[in-house]
Amino acid sequence: MDIPYIIINFASIKPKKNYYIPMKKILYCTLLIVGMLLSPSAMNAQEKYFSLPTKEAAKPDNDGFIRRWFVLEPISKPNRSNTVFTDSYLREVFAKEYFPKQMTILPKDGQKVKALFEKVDMPKDYRRVDPATLKVTTGTETLKWHKLDSKTYNLKLMRFGEHELQRLYGVIYWVVTIIDCEEEMKDVRLSIGSNSASMWWVNGEEALILSGDRRMVVDDGMSNRLTLKKGENIIRGAIINGPGMSDFCVRFAKENGEAIVKGFTIK
Amino acid sequence: MKQKNCLWGLLLALGATLLCNNANAQIGEPFIHDPATLAECDGKWYTFGTGGGGLISEDGGWTWHSGAVRPGGGAAPDVLKIGDRYLVSYSGTGGGLGGTHRGQVLTMWNKTLDPNSPDFKYTEPVVVAESEDGDDCDAIDPGLLLDPTTGRLWLSYGTYFGNIRIVELDPKTGKRVEGNEAINVGIDCEATDLIYRNGWYYLLGTHGTCCDGVNSTYNIVCGRSRSIEGPYIDNTGRTMIQGGGKMVIAAHGKVVGPGHFGRTVVEDGVEKMSCHFEADFEQGGYSVLGIRPLLWKNDWPIAGEVFKEGTYEIESERHGYALELAIDFKRIEQQRRWFRHQEGEEIKPIPMQTLNDVINEWPKGEIGVRNGDFMVRPHQLWTITAVQNVGGFLGQPYYKITIAGTNRALAATSNGEVTTVPEYNGATEQLWQIDQLTDGTYRIMPKEVPGTKSRLCLMSIADSTPTLGVFDFNSDNCKWNFKK
């Protein structure tokens, strides 16, 4: 769901002749309601959606979802629509190095990185404007890794970004987790749901790409069969979003799609 | 020159028509009347017909030739495998067309149906049912059922002359159970058959006019009962004793007069029905073997259709996404504007995206596949084409599945996944078996998966991810729809 579009589109509807529709009032009320909905959750995002991980290794939840992640504060990457997230676009964007050791870093809680960002001053009627004409500015900023345990099966990135940087839309999130397998696990699949598009790597190998304007859906996409080695395995993901909610869920599944709920812990 | 071109065009069109027709009917010499239920023996399929003999298919059930051996002549046999033996029933007489209604139904056993096997030898036939001229029954056209709930063996028989009857046989001997009395379960049918499914017994019979070529009105109907002994009731509440019967299959396409039903359960969710068509317009109006998917709707059997070649969306039953090439989605340029039509603004149609608009931007080598929102785009439109001379399966040939307007073909991979190759080359992993399932959806299976002997099907392991896996009828992951 694309909230900003809805607001703007409602505001653009002209009343029919001889009928008075208070469009401005509707717009302000809508904004007020959205604001009311957003504000409390923004204030309490950490408590509501996340808890600080303990030192003990975590287990996947009863449905196999991995809830413990390192999450980097969102990189600013404005996109006015999520329909631009083609495979080629994602490969190009995620191949760019935003911060050092982007594809190998095993972060620590609170670790800071210097990261590139992009910013665009969106005009008021941005849907009518050719994206090529928008002025993009770039720079670097300091972002911090956070170690989080999600209270829900899906990690609500937007709430995290909103809490840390008041940054809702036009973002890239990098996430990492390390799982410890009791035994080698063959023919398993990485299962992803993400909002919006995302790309995932297991032990440095590309496992899955979910392109397009994605909703977060459990088991939206699965990797080809892969092998998790005994011991540590690193799962790395990048999630990109323009307008709208950002979140993701990850679990492993057997060859036949059945969720794997045991046999590994999350460090 | 122009005339020459016209002639070539005509020949090509004729060839295409023949190819198309071949994909919609059994090929070889599938000429038969009253085919027995299809039976598999050592990798070959067999059926027997009226007058003796029968057909054999050595390619999985697509190409049929004469060669099956059944002595005794007479009308409308049936065959049933019980244990490691085949029980063949037939009527030693030809029915009442000649004026007499004295009939006999007989049974006999054989260890194999392969006439070239050293084990091929029929036992001495035994009479299990008879009729005399004065009876309200004509003892011909037997159909066999081994009741899976009780292990008891039943045989139906009869024709237009009077009642359809069932009797009980001994499944060990094939003889009539001593003291068993025949039960009347219907009237005025030919070539009846009994089947059991999901707590229901079904009596299938053929109504209409037999043996009049393209003017035969034969059609197959059924009634059902909770008891093998009936009453068999149709969907309007009429019993088959009252002449009732719900239609299962009638004339369609270029075939008319379906008769003599037989049910073949391939596996859970995959069923076929066999029959003959009194006449196939494409094959000289001769009576030919017909094999169709057997569907079930509200516990009523319905004949499905032979898969029709054409260009389709291939929709996953799991979520409704469409199978597509994993390439960049290319937007169709459209003037940026709000939803509301401005008064006076001209409304112009927008051209659909064509293959030429996008194909040069696609990678040249292998392109993976995924499932996505169907947008009627070239990377989502698949042409299904029958492939000749590579065998087939029950009632259908293998197909190639290519992106419409190209030779880019869907292919199974050695790691149990699925991809597309830039050029179809006839490899077995590029040939696909398309079975309509009992619920009307489809199963799509590669003929072979490189590196394994396992039979795997195209399935959606996730909403957006197709792969190959073991078929499970109870999972929507394994089901697809073909949409125009």
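Order of the sequence lines fixes the chain letters, A, B, ..., with proteins taken first and strands second; residue numbering starts at 1 for each chain. Because the structure is predicted, anything quoted here is derived from the model rather than measured.
Residue A/Asn256 touches chain B through its backbone alone, counting heavy-atom pairs closer than 4.5 Å. Using a 4.5 Å cut-off between heavy atoms, A/Arg91 makes no contact with chain B at all.
Of all heavy-atom pairs spanning B/Ser464 and A/Gly221, the tightest one is CB-CA, 4.5 Å. For the pair B/Arg331 and A/Thr83, the tightest heavy-atom approach, listed with the atom from each and the gap, is NH1-OG1, 3.1 Å. Minimum heavy-atom separation, A/Asp87 to B/Ala326: OD2-O, 4.4 Å. Listed here is the closest heavy atom pair of A/Arg225 and B/Gly416: NH1-O, 2.8 Å.
Using modelled atom types, one side-chain atom of B/Thr465 and one backbone atom of A/Met222 make a donor-acceptor pair closer than 3.5 Å.
For A/Phe65, the ring pair (Phe, Tyr, Trp, His ring centres under 6.0 Å) partners are A/Tyr153, not counting sequence neighbours.
Rounding to the nearest 0.5 angstrom, the gap separating the CG atom in B/Leu468 from the CD atom in A/Glu255 is 10.0 Å. For the atom pair CD1 (B/Ile461) and OG (A/Ser191), the distance works out to 9.0 Å, reported to the nearest 0.5 Å. Rounding to the nearest 0.5 Å places OG1 of B/Thr413 at 7.0 Å from CG of A/Asn224. Note that the CD1 atom of A/Ile209 and the CZ atom of B/Arg370 stand 8.5 Å from one another [nearest 0.5 Å]. Distance check, rounded to the nearest 0.5 Å: CG of B/Asn415 to CG of A/Asp187 gives 9.5 Å.
Other residues, nucleotides and ligands contribute more than 12 heavy atoms inside 6.0 Å of the NZ atom of B/Lys484. With a 6.0 Å radius and a threshold of 12 heavy atoms from other residues, nucleotides or ligands, B/Asn474 has its CG atom above the threshold. Within a 6.0 Å radius of CD in A/Glu205, other residues, nucleotides and ligands contribute 12 heavy atoms or fewer. Heavy-atom contacts from other residues, nucleotides or ligands closer than 6.0 Å to CD of B/Glu345 number more than 12. Around atom NZ of B/Lys348, no more than 12 heavy atoms belonging to other residues, nucleotides or ligands sit under 6.0 Å away.
Residues A/Arg189 and B/Thr467 form a side-chain contact, since some pair of their non-hydrogen atoms from C-beta on lies under 4.5 Å apart.
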With side-chain contact (heavy atoms from CB on, under 4.5 Å) as the criterion, how do B/Tyr321 and A/Asp220 come out once you've worked through the C-alpha distance, each side chain's angles and the decisive distance to 0.1 Å? CA-CA 11 Å; B/Tyr321 280 161; A/Asp220 184 8; 4.2 Å; yes
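The salt bridge (Lys or Arg N to Asp or Glu O under 4.0 Å) analysis of residues 448-465 of chain B, with sequence neighbours excluded, yields the pairs B/Arg318-B/Asp463.
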